[in-house]
Amino acid sequence: MKIQAINGFKDILPDGIGRWRHIERKARDIFERFGMQEIRLPILEKTELFVRSIGEATDVVEKEMYTFADKGITMRPEATASIMRAFIEHGLHVQEPVQRLYTIGPMFRHERPQKGRLRQFHQLDAEIIGAVEPRIDAELIAMGQMLLDELGLSVSLELNSLGCPICRPPFKTRLIVFLEEQVDALCEDCRRRTHTNPLRVLDCKKTACRAVVQGAPSLLDVLCPDCDSHFAQVRAALEELRIPFAINRFMVRGLDYYTRTTFEFLTTDLGAQAAVGAGGRYDGLIEQLGGPPLSGIGFAMGLERLTLLLDRQQGSDTVPVRSMDVFVAPLGDDSLAPCSRLAHCLRSLGAKAAIEYGGRSLKAQLKQANRVNARFVLIVGEDEWTRGEAILRNMQTQEQQPFALTGSPEEQAQRLVDMLHGQAV
Ligand code: HAM
């Protein structure tokens, strides 16, 4: 029986890798323009880290984590908690009070797989730790928007404030009273959530629940003066940076650590999986995990969703990956050994070289050269070999010119590399 990949776990094949690398390169470039530094973290962490940060009553912790129960460890479902753990463990704030960190890698959640929703998925995650100014929120959101813009993706940005431990608890109490009055109209999940995690009801996608929450009280109306002013300044700073956004008072996010600013980059092009990226502020989190009382804000974007969106909005083969400089095509047994030396020398001089060993026809080899996007083909037929002069074919212009097989393979390779760099052969 053939062994296949696990449901929700996907191979990323060479055909599609160009898009991944394109997005990753762009992300690194833009993040570094904003002074971010890369951090790489383990995939396994103590389960307690996620329970304490993401929250016990969240879907992620309640039912989506891949946990080795006997060992007390979990495959990370997201990166923020791990970054905070590393930040605290290494006392990074001592070196520099404001840390700007990003990471790129796989995350694991046992969700029902769908288009754009996997069990192993990949995130670009960026965090700014140690700064509370509203302009930081705007700067971070603007960085996410810049990445999407430079990828040529069109998405919408929604913004909300989730308040703080001063204004959110009384709001929750009000919300519970409201939801209890409407209990008959709520779905089964939301009836349960009314008491475990009432804010999540605001975010339920079921039609009946959506109708109920239209009449629900809004946290934005009862923010404490500090949160209200912070949110007003974030909005003003976004306007200054010319970043368009819409307020969505029903946005609550699925992770418990958020305070104040939350945001989502949304698309209608990926069916039910509307969020391409999302994030927010988490001002109490670091302290709650045993670290200093520092605030933070960050976001994560899903790489699978970004690649799907690139396909949808930009067409599928926008980014070819493989392109070879020289394809060496030996046409007889005699030239095989020197050609293989030549290809090796080309590679050690930094050129991308391909070679065929199978004794295939010229036609077949040219076809293969096209397949690997070769710029030049060096044709070394029996006659050419005896004459000491190969044919160099420019695959773009179809022009052919003689190439003298004089000197050692190293010297020949050097002449070819000089030519690739724009010098005459
Ligand atoms: P999140 O909203 O859970 O936030 O995930 C962020 C993004 O990861 C989503 O918008 C989506 O693009 C992608 N994503 C999530 N789950 C899946 C999945 N099962 N399959 C494919 N893509 C998925 C966080 O993870 C927070 N840590 C973001 C953050 C960083 N907040 C502050 N800093």
Side-chain angles (χ1 to χ4, degrees), residues 7-10 12 20 23 27 31 36 39 41 45 49-50 53-55 58-61 63-66 75-87 99-129 131 136-137 140-141 143-144 147-148 151 153 155-158 160 162 200 203 251-267 269-286 295-310:
N7 192 17
F9 289 68
K10 238 182 167 170
I12 303 157
W20 283 74
I23 297 169
F31 292 174
M36 298 230 135
I39 181 167
L41 303 149
E45 296 274 2
L49 172 67
F50 302 118
S53 52
I54 297 172
T58 57
D59 283 354
V60 173
V61 169
K63 47 191 186 205
E64 294 170 2
M65 295 208 301
Y66 283 92
M75 293 169 78
R76 60 179 187 192
E78 56 113 51
T80 312
S82 308
I83 296 183
M84 297 313 127
R85 196 261 315 133
F87 173 86
Q99 288 279 331
R100 294 166 171 249
L101 301 169
Y102 76 89
T103 197
I104 303 178
M107 310 293 153
F108 303 85
R109 293 184 196 175
H110 190 266
E111 294 188 81
R112 202 159 42 80
Q114 278 183 1
K115 183 172 152 206
R117 189 163 77 193
L118 287 115
R119 292 180 170 171
Q120 175 177 336
F121 60 98
H122 298 75
Q123 283 186 343
L124 304 167
D125 184 289
E127 314 284 347
I128 303 181
I129 310 164
I136 288 286
D137 304 39
L140 181 94
I141 295 171
M143 181 176 82
L147 174 57
L148 295 162
L151 288 171
L153 300 178
V155 298
S156 58
L157 169 64
E158 290 189 355
N160 194 17
L162 290 182
R200 291 284 343 194
D203 194 33
M251 184 204 304
V252 293
R253 311 282 303 118
L255 315 161
D256 274 359
Y257 48 62
Y258 291 112
T259 53
R260 296 190 168 172
T261 316
T262 50
F263 55 95
E264 291 183 340
F265 294 106
L266 300 166
T267 176
D269 279 343
L270 297 181
Q273 308 314 313
V276 180
R281 198 161 256 296
Y282 43 83
D283 287 346
L285 177 61
I286 299 171
S295 42
I297 180 162
F299 68 73
M301 291 190 188
L303 270 158
E304 282 77 6
R305 295 189 192 170
L306 288 172
T307 56
L308 284 170
L309 208 56
L310 261 188

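Indexing begins at 1, ligand by ligand and atom by atom, following the structure's order.
The shortest heavy-atom contact between Met251 and Leu162 is O-CD2, 3.7 Å. Of all non-hydrogen atoms in Gly296 and Asp283, the two that sit nearest each other are N-OD1, 3.5 Å. Here the closest non-hydrogen pair linking Val252 and Arg200 is CG2-CA, 4.0 Å. The minimum heavy-atom distance between Thr103 and Ala79, with the atom names listed, is CG2-CB, 3.8 Å. Gly116 and Arg305 make their closest contact through O-NE, 2.7 Å (heavy atoms, listed as atom of the first residue, atom of the second, distance). Of all heavy-atom pairs between Leu285 and Ser53, the closest is CD1-CB, 3.5 Å.
Scanning the protein for heavy atoms near atom 7 (C) of ligand 1, the closest one is Ala300 O, 3.6 Å. For atom 32 (C) of ligand 1, the nearest protein heavy atom (residue, atom name, distance) is Gly298 O, 3.2 Å. For atom 14 (N) of ligand 1, the closest heavy atom belonging to the protein is Phe121 CE1, 3.5 Å. Considering only non-hydrogen protein atoms, atom 24 (C) of ligand 1 sits nearest to Leu255 CD1, 3.6 Å. Residue, atom and distance of the protein heavy atom nearest to atom 19 (N) of ligand 1 are Glu111 OE2, 2.7 Å. Scanning all protein heavy atoms for the shortest distance to atom 11 (C) of ligand 1 gives Arg305 NH1, 3.4 Å. For atom 10 (O) of ligand 1, the nearest non-hydrogen atom of the protein is Ala275 O, 3.3 Å.
The proximity of Tyr258 to ligand 1, defined as any non-hydrogen pair under 4.0 Å, is limited to the side chain. Proximity of Gln123 to ligand 1, defined as any heavy-atom pair under 4.0 Å, is confined to the side chain (atoms from C-beta onward). At a heavy-atom distance under 4.0 Å, no atom of Phe263 approaches ligand 1. Contacts between Glu127 and ligand 1, counted as non-hydrogen atom pairs separated by less than 4.0 Å, involve the side chain only. Residue-level proximity to ligand 1 for Ile297 is absent, since no heavy atom of it falls below 4.0 angstrom. Counting heavy atoms under 4.0 Å from ligand 1, residue Arg253 touches it through the side chain alone.
Salt-bridge formation is detected for the pair Arg253/Glu264: a Lys NZ or Arg NE/NH1/NH2 atom is positioned less than 4.0 Å from an Asp or Glu carboxylate oxygen.
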For this session: Applying side-chain hydrogen bond (donor to acceptor under 3.5 Å, both in side chains), run through Gln273 and Gln114 and close with a yes or a no.
Result: CA-CA 9 Å; Gln273 308 314 313; Gln114 278 183 1; 2.5 Å; yes
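For ligand 1, the atoms lying closer than 4.0 Å to a non-hydrogen atom of Gly277 are 10 (O). Against a heavy-atom cut-off of under 4.0 Å, Tyr257 is close to the following atoms of ligand 1: 26 (C), 27 (N), 31 (N). Annotation for ligand 1: atoms under 4.0 Å from non-hydrogen atoms of Gly279 are 31 (N).
For the atom pair OG1 (Thr261) and CG (Asn160), the distance works out to 9.5 Å, reported to the nearest 0.5 Å. With rounding to the nearest 0.5 Å, the separation of NE2 in His122 from CH2 in Trp20 is 5.0 Å.
Side-chain atoms of Tyr282 and Thr80 include no donor-acceptor pair closer than 3.5 Å.
Distances from atom 12 (O) of ligand 1 to the heavy atoms of Leu118, Leu308, Val276, Leu303 put Val276 nearest.
Side-chain contact check for Met75 versus Gln120: every heavy-atom pair is 4.5 Å or farther apart. Between Phe50 and Ser82, some side-chain heavy-atom pair lies under the 4.5 Å cut-off.
Where the criterion is an N or O separation shorter than 3.5 Å, residue side chain and backbone included, Gly302 meets it with respect to ligand 1. Ligand 1 has a nitrogen or oxygen under 3.5 angstrom from a nitrogen or oxygen of Glu78.
Note on ligand 1: Gly116 sits in its first shell, one or more heavy atoms being nearer than 4.0 Å. Heavy atoms of His122 stay at 4.0 angstrom or farther from ligand 1. Heavy-atom distances between Glu304 and ligand 1 stay at or above 4.0 Å for every pair.
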